Amino acid sequence: MTLTDEHVQQQTFEVRNPANGDVVGVYAVHSEADVHAAVARARGAAAWWSALPHAERSERLTQWRAVLTRRMAQLADVVHREMGKPHSDAMLEIVLAIDHLAWATKHARKVLGPHRVSPGMLMANQSATLEYHPLGVVGVIGPWNYPVFTPMGSVIYALAAGNAVVFKPSEFAPGVGTWLADSFAEVCPAHPVLQVVTGFGDTGSALCRSGVDKVAFTGSTGTGKKVMATCAETLTPVVIEAGGKDALLVDEDADVEAAADAAVWGGMSNAGQTCIGVERVYVHEKVYDRFLSSVVDKTRDLRADTDLEAKLGPITMPSQIGIIRAHIDDALARGGRAVVGGADAVGERFVQPTVLVDVPEESTAVTEETFGPTLTVKKVRSMDEAVELTNATRYGLGATVFSEKRGMELARRIRSGMTSVNSVISFAAIPSLPFGGVGDSGFGRIHGADGLREFTYAKAIARQRFKPPMLLTSFSRDAKTDSRVAQLVTMLHGGASTLPKLPKRGRDRS
Ligand code: NAD
């Protein structure tokens, strides 16, 4: 992707295939005025879309799903051209997005529609209703690494919740964003419910300032902080889905072969450019040698190149190559060893898979997001040590545990938004589970019921069913009423003369 002086004048930029540098598209650099115009159009569309009966909205989303499904090979081609990933990986992210679209379409009404809730004792004369209303217009800012799956995690849930969306795809994948909006327009031709604005950080920043009702940002932690600062100017709420430094833990009783397979796929697929990819591995000393030897064997079978047999594609963002090289160099300079790949693995466009051992925990290969096909593997004496090292990071996106007996217990002790037990990255493919992180990995949730609610506001409605015996919300309330209320509250809540007994611990059925 390049922006030349000529393109600035013409307000366009070129997108290049990262595998060979070929120009694969030219797109507009949308200005602040363009973004504001798109948001103004979206306002009208949002009014129409949110007022549609649920069944009709659901029907349009179902039609869109059919369009995506029938043309997924075409979309995969666009992904392949713009970011270089193998066709099969592009297909994988598309099918996962389609599954999310199906789930959100099916569940939006149940999750967001009116629910009667308890009015409590003092307001027993009231009927209490909770429902979730669309926010209006949602701005979605996406990254390039999963240019379909990642932004669609926000786009789908925002649309299903009844919002219009203005989507700013990464400057490395504007064609994917445009393709998605064009395909939606086929099922909603008269109303711009999903629009795309293309460009760089300035276009994203303009979207943050455009008066949208929420910004859903996915990208690096550094940019997330800028997005939040910009949104603060207008008190625009944000979801931040940022980077990670996910660990995989291998217990002494784990299926070592399966754990090694998961570590290699989790670390190397998409050439390691996965926010929830495995970057660190902590292995119990009793199975360390067996695990490492299996990881080495499996990694040696992998290759980054352009041919169809190559399982890894190029590094999409040229500036990332320098970061990957710096992390490997730092690990080696601090006494680490490369058992596969290493310093020579880093080329101009491709990085060959690299497995590092004996890397000190303060090395950048352990502390910073590498975003390349690298793994650090460390031997630990106990799973307590593994959990402690896993949690010694400012990130907290995903994690993986391989353990036969203690998987759930270990998963709960890890400070991360998501954890898979005895498989890798599965949580992202389960539409009913929320997706998001803690700490420097961001906040807010996409996917699942939480993801639908993220793009709504909670609306509380109290309807009086009959006149209360004691009216609390009136100046006519007298001292006698106050005294009766105090008696009632004392009777209900003041009875325990000692601390309440804690409930007995039930059996963990998980
Ligand atoms: P990035 O932060 O460079 O860019 C993300 C998007 O933000 C792009 O569309 C970019 O144009 C836009 N942008 C840049 N500056 C902006 C500004 N000042 N205001 C508004 N928008 C601005 O990230 P990237 O390189 O595209 O993506 C890789 C990063 O994304 C990695 O850190 C990865 O871990 C993270 N990521 C996170 C998730 C998740 O769900 N947590 C998913 C995928 C990727």
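Atoms within a ligand are numbered from 1 in the order they appear, just like the ligands themselves. Please read all numbers here as calculations on a predicted model, not as lab measurements.
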For [atom], what is the nearest protein heavy atom, given as residue, atom name and distance?
| atom | result |
| --- | --- |
| atom 21 (N) of ligand 1 | Gly204 CA, 3.6 Å |
| atom 24 (P) of ligand 1 | Trp144 NE1, 3.4 Å |
| atom 35 (C) of ligand 1 | Gly219 O, 3.2 Å |
| atom 36 (N) of ligand 1 | Cys275 CB, 3.5 Å |
| atom 28 (C) of ligand 1 | Phe371 CE2, 3.8 Å |
| atom 41 (N) of ligand 1 | Ala242 O, 2.7 Å |
| atom 34 (O) of ligand 1 | Glu369 OE2, 2.5 Å |
| atom 17 (C) of ligand 1 | Gly201 O, 3.6 Å |

Close-contact set for ligand 1 against [X] heavy atoms, below 4.0 Å:
| X | answer |
| --- | --- |
| Thr150 | 42 (C), 43 (C) |
| Phe217 | 2 (O), 5 (C), 6 (C), 7 (O) |
| Glu171 | 8 (C), 9 (O), 10 (C), 11 (O) |
| Leu397 | 41 (N) |
| Gly142 | 5 (C), 6 (C), 8 (C), 9 (O) |
| Phe200 | 11 (O) |
| Met317 | 25 (O) |
| Ser170 | 9 (O) |

Taking the ring of His447 and the ring of Phe427, is the distance between their centroids below 6.0 Å? no
Output field: ring centroids Phe13/Phe200 closer than 6.0 Å: yes
Which is it for Phe167 and Trp179 under the ring-ring contact (aromatic ring centres under 6.0 Å, His included) test, yes or no, and what are the steps along the way? CA-CA 12 Å; Phe167 171 31; Trp179 192 100; over 10 Å; no
Ser441, portion touching ligand 1 at heavy-atom distance under 4.0 Å: neither
Have a look at ligand 1 and work out which part of Phe172, if any, has a heavy atom under 4.0 Å from it: side chain, backbone, both or neither. neither
Please indicate whether any nitrogen or oxygen in [X] is less than 3.5 Å from any nitrogen or oxygen in ligand 1.
| X | result |
| --- | --- |
| Thr218 | no |
| Pro143 | no |
| Asn145 | no |

Nearest 0.5 angstrom please: Asn163 CG to Thr456 OG1, how far? 8.0 Å
Go through Arg209 and Glu32 one step at a time and tell me if the salt bridge (Lys or Arg N to Asp or Glu O under 4.0 Å) criterion holds. CA-CA 9 Å; Arg209 287 192 304 270; Glu32 180 128 25; 3.0 Å; yes
Do [X] and [Y] get their side chains close enough for a donor-acceptor pair, meaning under 3.5 Å?
| X | Y | result |
| --- | --- | --- |
| Tyr27 | Thr12 | no |
| Arg303 | Gln352 | no |
| His327 | Thr370 | yes |

Would Lys168 and Glu171 count as a salt bridge (Lys or Arg N to Asp or Glu O under 4.0 Å) here? Give the steps. CA-CA 9 Å; Lys168 194 325 237 157; Glu171 51 272 42; 3.4 Å; yes
Would Glu454 and Lys214 count as a salt bridge (Lys or Arg N to Asp or Glu O under 4.0 Å) here? Give the steps. CA-CA 9 Å; Glu454 189 72 59; Lys214 190 160 204 168; 2.7 Å; yes
Answer yes when [X] and [Y] have at least one side-chain N-carboxylate O distance shorter than 4.0 Å, and no when they do not.
| X | Y | answer |
| --- | --- | --- |
| Glu279 | Lys245 | yes |
| Asp330 | Arg334 | yes |
| Asp450 | Arg445 | no |

What heavy-atom pair brings Leu207 and Val212 nearest, and what distance separates the two atoms? O-CG2, 3.6 Å
Relative to atom 2 (O) of ligand 1, which among Gly398, Pro147, Ser220 owns the nearest non-hydrogen atom? Ser220
I'd like the name of whichever of Thr223, Asp440, Thr221 reaches closest to atom 22 (C) of ligand 1 through any heavy atom. Thr223
Within less than 4.0 angstrom of ligand 1, does Ile141 place any heavy atom? yes
